[in-house]
Number of protein chains: 2
Amino acid sequence: MKISVRGEYALRALLVLGLNYDRDVVRIQTISEQQNIPKRFLEQILTDLKSLGVVESRRGVAGGYRLARPPEFVTLAAVIRHIEGPLAPVSCVSERFYEKCSCPDESKCAIRSVMKEVREAIVKILENVTVAQMCERVKLLQGEHTNPLDYVI
Amino acid sequence: MKISVRGEYALRALLVLGLNYDRDVVRIQTISEQQNIPKRFLEQILTDLKSLGVVESRRGVAGGYRLARPPEFVTLAAVIRHIEGPLAPVSCVSERFYEKCSCPDESKCAIRSVMKEVREAIVKILENVTVAQMCERVKLLQGEHTNPLDYVI
DNA sequence: CTATACTCTACTAAGTCAATAGAGATTTGT
DNA sequence: ACAAATCTCTATTGACTTAGTAGAGTATAG
């Protein structure tokens, strides 16, 4: 049931960008160092998040990344779905990545009915947690005194 | 966030065994045909479930598999954990498969705190659903009239 | 015009997944 | 004792995914 390292890195990067939303763009290098993420790998991930439309970039000397919309409008569900695929434990209960499974009769499948509940539980949380809320949690977890650029996520 | 085909097959097999708990052992072949699971693959999975202690087997002509304990005492959580590993989306919030993650400070990690909630939600469901309850659901989903051996899961 | 930073495409080593294969061990019925 | 059915153990394989790495190219500030 695990998400990949790639997905986790994406969330960590978005959190950094969320904490710097009202500031300037943030360089890949900076995120990479702050979060212990291999730089070239992070590059790919950010390009991917750009294709999703949640981040935007500026090239050149003063370049970097920033959120493309306010952190309130970036849900974890959207990000994880884009990077990882279905939130559901089995594809036959996924709304957006539905695939027929090999069981004899899906409509009477008991496993399916349990997995549907699991899916609902996961979705309910991840659809309702935004990058903005994650930023709030960061502030609660480490107090308000720190300089935003030093936030340890 | 998906579980593997292997895990799904394991659950389907256990459900068949649950429905036949008070009867004789069930042959691999029978489960395989009823559930569209490749026989040699299912063999491996059942051996694996045996090592977990939830099923037992009899060899030879009248051989087959059965549940090693009443279906009320086999939770989906235990099965999935054994086949798949952690139920948690990230290992740093897993109770039984804990692994340190690469983020700068785990205790102050906002992602971790969200993933903890996700884990709790998943565990809450899967720890409380047993094979017995799955069997109940099967009966509800397809009515009581059918011959147990014909149950379509 | 140059240093800095993002971008695009390709590659790869290691690991996992979903089987498949073959030979062996056990049990029941005759 | 023997045959047939069934589980068991160990190995292998092909396809795919993951987590990076690499190199050449493009845009921008100063």
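Within every chain, numbering begins at 1; the chains are lettered A, B, ... in the order of the sequence lines, protein sequences first and strands thereafter.
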CA sep, side-chain torsions, deciding dist, call: Leu49(A), Leu46(A), side-chain contact (heavy atoms from CB on, under 4.5 Å): CA-CA 5 Å; Leu49(A) 290 175; Leu46(A) 286 169; 4.2 Å; yes
Going 5' to 3' through nucleotides 22-30 of chain C and flagging B where a protein heavy-atom sits under 4.0 Å of the base, S where only the sugar-phosphate is that close, and - otherwise, we get B-BSBBB--
Does this structure show an ion pair linking [X] with [Y], if we count only N-O contacts that are shorter than 4.0 Å?
X: Asp22(B); Y: Arg66(B); answer: no
X: Glu106(A); Y: Arg112(A); answer: yes
X: Glu56(A); Y: Lys50(A); answer: no
X: Glu120(B); Y: Lys116(B); answer: no

Between Asp48(B) and Gln44(B), is there a donor-acceptor pair closer than 3.5 Å when you use the side chain of the first and the backbone of the second? no
Looking only at atom types and distance, does a side-chain atom of Ser32(A) sit under 3.5 Å from a main-chain N or O of Ile37(A), one as donor and one as acceptor? yes
Side-chain N or O of [X] closer than 4.0 Å to phosphate OP1/OP2 of [N]:
X: Tyr65(B); N: dT6(D); result: no
X: Ser57(B); N: dT8(D); result: yes
X: Lys50(A); N: dT7(C); result: yes
X: Tyr9(B); N: dA18(C); result: no

Taking atom [atom2] of [N] as reference, at what distance in whole Å does atom [atom1] of [X] sit?
X: Leu42(A); N: dG20(D); atom1: CG; atom2: P; value: 11 Å
X: Ile37(A); N: dT18(D); atom1: CD1; atom2: P; value: 17 Å
X: Asp24(A); N: dA29(D); atom1: CG; atom2: P; value: 11 Å
X: Glu56(A); N: dT7(C); atom1: CD; atom2: C1'; value: 16 Å
X: Ile45(A); N: dT21(D); atom1: CD1; atom2: P; value: 12 Å
X: Phe41(A); N: dT17(D); atom1: CZ; atom2: P; value: 15 Å
X: Arg27(A); N: dA3(C); atom1: CZ; atom2: C1'; value: 13 Å
X: Asp48(B); N: dC17(C); atom1: CG; atom2: P; value: 12 Å

Inter- and intrachain pairs under ring-ring contact (aromatic ring centres under 6.0 Å, His included), touching residues 41-80 of chain A, at least two apart: Tyr9(A)-Phe41(A)
From CA spacing to verdict: salt bridge (Lys or Arg N to Asp or Glu O under 4.0 Å), Glu43(B), Arg27(B): CA-CA 10 Å; Glu43(B) 262 176 48; Arg27(B) 284 180 307 141; over 6 Å; no
Please tabulate, one pair per line, each protein N/O and nucleotide N/O from nucleotides 10-14 of chain C that are separated by under 3.5 Å, including the distance.
residue	atom	partner	partner atom	Å
dA10(C)	N6	Gln44(A)	NE2	3.3

Heavy atom of residues 76-91 of chain A under 4.0 Å from DNA chain D: which residues? none
Short of 4.0 Å, heavy atom to strand atom, which residues of residues 1-8 of chain A count as contacting DNA chain D? Ser4(A), Val5(A), Arg6(A)
With DNA chain D as reference, determine whether Ile28(B) or Lys39(A) sits nearer its 5' end, using the nearest nucleotide of each. Ile28(B)
Rounded to the nearest 0.5 Å, what separates atom CG in Leu14(A) from atom CG in Leu67(A)? 6.5 Å
State whether a side-chain donor-acceptor pair under 3.5 Å links Ser102(A) with Arg12(B). yes
Will you find, in the side chains of Glu99(A) and Ser94(A), an N or O donor that is under 3.5 Å from an N or O acceptor? no
Quick one, Lys39(A) with Leu42(A), criterion side-chain contact (heavy atoms from CB on, under 4.5 Å). Give me CA distance, side-chain angles, the key distance, then yes/no. CA-CA 5 Å; Lys39(A) 195 187 154 197; Leu42(A) 180 57; 5.7 Å; no
For Ala77(A), the side chain to side chain contact (heavy atoms under 4.5 Å, CB included) test, sequence neighbours excluded, returns Thr75(A), Arg81(A), Leu87(A), Leu126(A), Glu127(A)
